[in-house]
Participant: 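Submitted below is the structure of interest, expressed as structure tokens.
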Number of protein chains: 2
Amino acid sequence: MSRTGRSRTEEQGGDDATRPGVGGSLAHRVPELGALELLLAVARLGSLGGAARELGITQPAASSRIRSMERQLGVALVDRSPRGSRLTDAGALVTDWARRIVEAAEAFDVGAQALRDRRDSRLRVAASMTIAEYLLPGWLLALRAQRPDTAVSLLAGNSAAVAERLLSDEADLGFVEGLTVPTGLDSVVIAHDHLIVVTAPGHPWSRRRRPLEATELAATPLILREKGSGTRQVLDVTLGGLARPLIELSSTTAVKAAAVSGAGPAVLSELAVGEELAMRRLVSVPVQDVSLARDLRAVWPTGHRPVGPARELLSLTRG
Amino acid sequence: MSRTGRSRTEEQGGDDATRPGVGGSLAHRVPELGALELLLAVARLGSLGGAARELGITQPAASSRIRSMERQLGVALVDRSPRGSRLTDAGALVTDWARRIVEAAEAFDVGAQALRDRRDSRLRVAASMTIAEYLLPGWLLALRAQRPDTAVSLLAGNSAAVAERLLSDEADLGFVEGLTVPTGLDSVVIAHDHLIVVTAPGHPWSRRRRPLEATELAATPLILREKGSGTRQVLDVTLGGLARPLIELSSTTAVKAAAVSGAGPAVLSELAVGEELAMRRLVSVPVQDVSLARDLRAVWPTGHRPVGPARELLSLTRG
DNA sequence: TGAGGGCATAAGCTGAGGTTATGAGCAGGA
DNA sequence: TCCTGCTCATAACCTCAGCTTATGCCCTCA
């Protein structure tokens with residue numbers, strides 16, 4: 001009655017694994033980011049008006065927005081009283097879930113800002129896709145906490161592109177994940193990444209007790225990244241060039257989607273599948289004998305040790 | 001010039017650890033959920049019009065929304081052509097970050113729906129806070145993937161409350177995390193949780209190489225949950241009732257916030273701090289000798305093995 | 001008993017995002 | 001060669017969520 005034009009083409013697609021749950025789109029059932037932020041502020045400050053002040057809106061606006069969120073969710077979130085507001089039990093739970101969304105949004109924000117800043121940035125970073133995707137936002141958030149006014153720019157590409165940027169002085173610090181360090185660069189290992197074998201929960205391998213052996217892995221067609229990618233490279237070397245592709249896909253995301261949909265077992269960085277494992281969309285299959293490890297490295301032009309903001313960021317990446 | 005009334009009270013609070021980054025609120029820099037969903041659909045389908053159809057909006061609406069998102073972020077996200085649209089490199093990165101937000105929103109959605117559904121639900125779950133917060137949304141998503149039409153209701157509380165619900169037949173399946181199983185209930189261990197010691201990255205302990213010993217831990221004032229909470233209980237038992245509180249707080253969230261702000265070391269479930277560790281807001285401190293493990297259990301009234309949807313959910317929780 | 005903080009309600013404005021209608025670029029078959 | 005059909009873009013219009021200001025009630029505390 002209020003929303004027009006939504007029913008017509010509602011359920012007609014549906015041939016893909018990454019599709020959201022059935023029914024109307026999420027955005028109609030999940031409050032907007034602004035509302036979630038407001039809820040977090042209310043939880044923290046114990047007052048609608050206080051939260052409103054912090055976000056730079058008026059108290060009635062906050063009041064109304066919280067109320068409409070409660071209506072939308074069908075749950076009372078805060079107990080109002082003449083001397084403040086406290087979360088209800090359900091509200092506390094909702095707030096914790098909301099915090100996850102907001103944290104993901106913060107990572108998005110800091111990443112997106114780095115993609116944009118280009119010119120006037122004091123710190124120019126070049127990173128491989130996997131690192132840019134999964135680790136860099138966290139580092140940038142930490143950096144922002146320490147040095148709020150450091151403008152960062154980010155360029156994502158493969159190892160060769162990272163090396164090129166560094167050597168042509170278009171970047172101050174790089175991150176790569178290959179097995180080898182491009183020539184002309186010094187490096188330090190900042191973390192270790194493991195490739196793991198994953199399947200959808202239904203797959204026979206997901207119920208294995210005995211670890212897979214290398215020969216089994218080599219004998220089974222797998223969902224893989226294309227030849228030449230860092231991930232594929234490690235696997236090929238480890239298995240002696242024997243990895244058999246079931247399909248080859250050109251992005252980590254596509255591989256994940258195929259694996260989740262049950263197309264077969266896939267080999268992926270544990271960085272890439274942390275979320276999926278926690279959510280049980282994928283299951284990790286133990287592997288014997290072969291160590292599918294690779295180093296993540298920070299790199300810079302030989303001799304030019306990072307200084308200033310680059311040095312600061314580097315120190316954040318090691319734990 | 002467009003937004004009024006934002007500058008006045010902008011920076012005046014600021015005594016809390018959970019505060020978002022400096023500057024205007026996130027919601028003004030991060031696209032709304034609807035826009036992110038649209039972007040994911042475009043990435044998946046390779047067409048603005050196709051994505052529009054899937055979301056039940058018109059093609060011009062999708063076109064305009066993507067464009068305004070590009071303006072907001074200051075980055076070109078998709079390459080339009082007369083025969084479809086593909087993500088740019090930056091767009092691929094942004095899309096991956098966006099996916100995290102949307103996934104968090106899906107977890108929020110399924111959780112919030114469970115909080116609401118109360119009456120007509122076919123599966124009534126009672127769970128401890130930690131489990132409800134961190135694990136249940138994932139399980140419910142998985143359940144929805146298998147049985148899309150199972151309406152679930154959720155009640156969160158401590159072990160005693162879970163037991164009470166089950167015994168009075170107000171819940172079909174429960175989840176608890178204490179050291180003991182409430183009387184009158186059968187149980188099965190579904191996972192193991194470890195308490196870990198964490199500090200802010202600056203803290204001396206964050207640079208320790210030698211693991212902490214139990215005596216050190218017992219001798220140091222810690223940020224803790226209140227006496228009686230499941231977490232505190234485990235710690236007190238493990239250390240022989242010796243844990244010294246620096247402060248006692250009544251929610252996991254508050255403890256995390258205090259630890260992140262550098263107030264001191266805290267002891268928390270690894271479930272609760274996964275995100276913080278990944279983001280480097282907290283650092284885990286290795287501990288020697290003491291095993292701070294506890295079991296997570298599914299519970300049900302003695303003799304009444306779960307059947308139907310409850311059985312289905314139970315089977316999803318074991319890996 | 002007033003002063004002050006907290007929340008709610010009412011009435012009005014603005015803009016983001018939706019709609020329909022239309023046009024232009026490119027591919028592939030008659 | 002020229003339609004037909006897919007793509008995306010532009011224009012003009014409409015609606016509603018969410019903001020504002022102005023006001024009132026409730027409670028506590030000095």
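Chain identifiers are assigned alphabetically (A, B, ...) following the order of the sequence lines, protein sequences preceding nucleic acid strands; residue numbering begins at 1 within each chain.
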Participant: Could you tell me whether B/Lys256 and B/Glu276 have a side-chain N and a carboxylate O separated by less than 4.0 Å?
Facilitator: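 Result for this pair is yes, salt bridge flagged.
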
Participant: Expressed as a whole number of angstroms, how long is the span from A/Asp79:CG to C/dA8:P?
Facilitator: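 To the nearest whole Å, that distance equals 11 Å.
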
Participant: Nearest to the B/Ser85 side chain among C/dT9, D/dC8, D/dC19, which nucleotide is it?
Facilitator: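 So the nucleotide nearest the side chain must be D/dC8.
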
Participant: Of all the choices, D/dT7, C/dC26, D/dC19, which nucleotide is nearest to the side chain of B/Arg53 once you look at every atom?
Facilitator: D/dT7

Participant: With distance as the sole criterion, do the side chain of A/Gln59 and the base of C/dA8 form a donor-acceptor contact below 3.5 Å?
Facilitator: yes

Participant: OP1 or OP2 of C/dG17 less than 4.0 angstrom from a side-chain nitrogen or oxygen of B/Ser64, does that happen here?
Facilitator: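 False: B/Ser64 side-chain N/O out of range (4.0 Å or more) of C/dG17 OP1/OP2.
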
Participant: Rounded to whole angstrom units, what separation is found between the CD1 atom of A/Ile66 and the C1' atom of C/dG6?
Facilitator: 14 Å

Participant: Side chain of B/Arg65: nearest nucleotide among C/dG17, C/dC26, D/dC27?
Facilitator: C/dG17

Participant: Atom CG of A/Leu38 and atom C1' of D/dG18: how far apart are they, to the nearest Å?
Facilitator: 12 Å

Participant: So what does B/Ser81 hit on the nucleic acid, given a heavy-atom distance under 4.0 Å: a base, only sugar-phosphate, or nothing?
Facilitator: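 B/Ser81: backbone/sugar contact only, no base atoms under 4.0 Å.
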
Participant: Measure from the side-chain heavy atoms of A/Thr58 and tell me the nearest of D/dT10, D/dT21, C/dA8.
Facilitator: D/dT21

Participant: Looking at A/Glu106 and A/Arg100, is any side-chain nitrogen of the basic one under 4.0 Å from a carboxylate oxygen of the acidic one?
Facilitator: no

Participant: Could you tell me whether B/Arg65 and B/Glu32 have a side-chain N and a carboxylate O separated by less than 4.0 Å?
Facilitator: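 Answer for the salt bridge query: no.
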
Participant: Nearest-Å distance, CZ (A/Arg67) to P (D/dC19)?
Facilitator: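 After rounding, the reported distance stands at 15 Å.
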
Participant: Using the side-chain heavy atoms of A/Arg80, tell me which of these nucleotides is nearest: D/dC8, C/dC7, C/dG17.
Facilitator: C/dC7

Participant: Can you figure out which of C/dT20, D/dG18, C/dT9 approaches the side chain of A/Pro60 most closely?
Facilitator: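 So the side chain of A/Pro60 is nearest to C/dT9.
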
Participant: Starting from C1' on C/dG17, measure out to CD on A/Glu32 and report it in whole angstrom.
Facilitator: 11 Å

Participant: Closest-nucleotide mapping onto DNA chain D: is A/Arg83 or A/Ala35 further toward the 5' terminus? I mean the 5' end.
Facilitator: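 The residue closer to the strand's 5' end, by nearest nucleotide, is A/Ala35.
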
Participant: Quick one: B/Glu70 CD to C/dG17 P, roughly how many Å, whole number?
Facilitator: 14 Å

Participant: Rounded to the nearest Å, what distance is computed from the CG atom of residue B/Leu55 to the C1' atom of nucleotide C/dT19?
Facilitator: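 After rounding, the gap between these two atoms is 16 Å.
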
Participant: Strictly below 4.0 Å, N to O, side chains only: are A/Glu103 and B/Arg281 in salt-bridge contact?
Facilitator: yes

Participant: Roughly, in whole Å, what's the span from NE2 in A/His28 to C1' in C/dG17?
Facilitator: 10 Å

Participant: Tell me whether B/Asp109 is salt-bridged to B/Arg144, with the criterion being a basic N under 4.0 Å from an acidic carboxylate O.
Facilitator: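 A salt bridge is present here (some side-chain N lies under 4.0 Å from a carboxylate O).
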
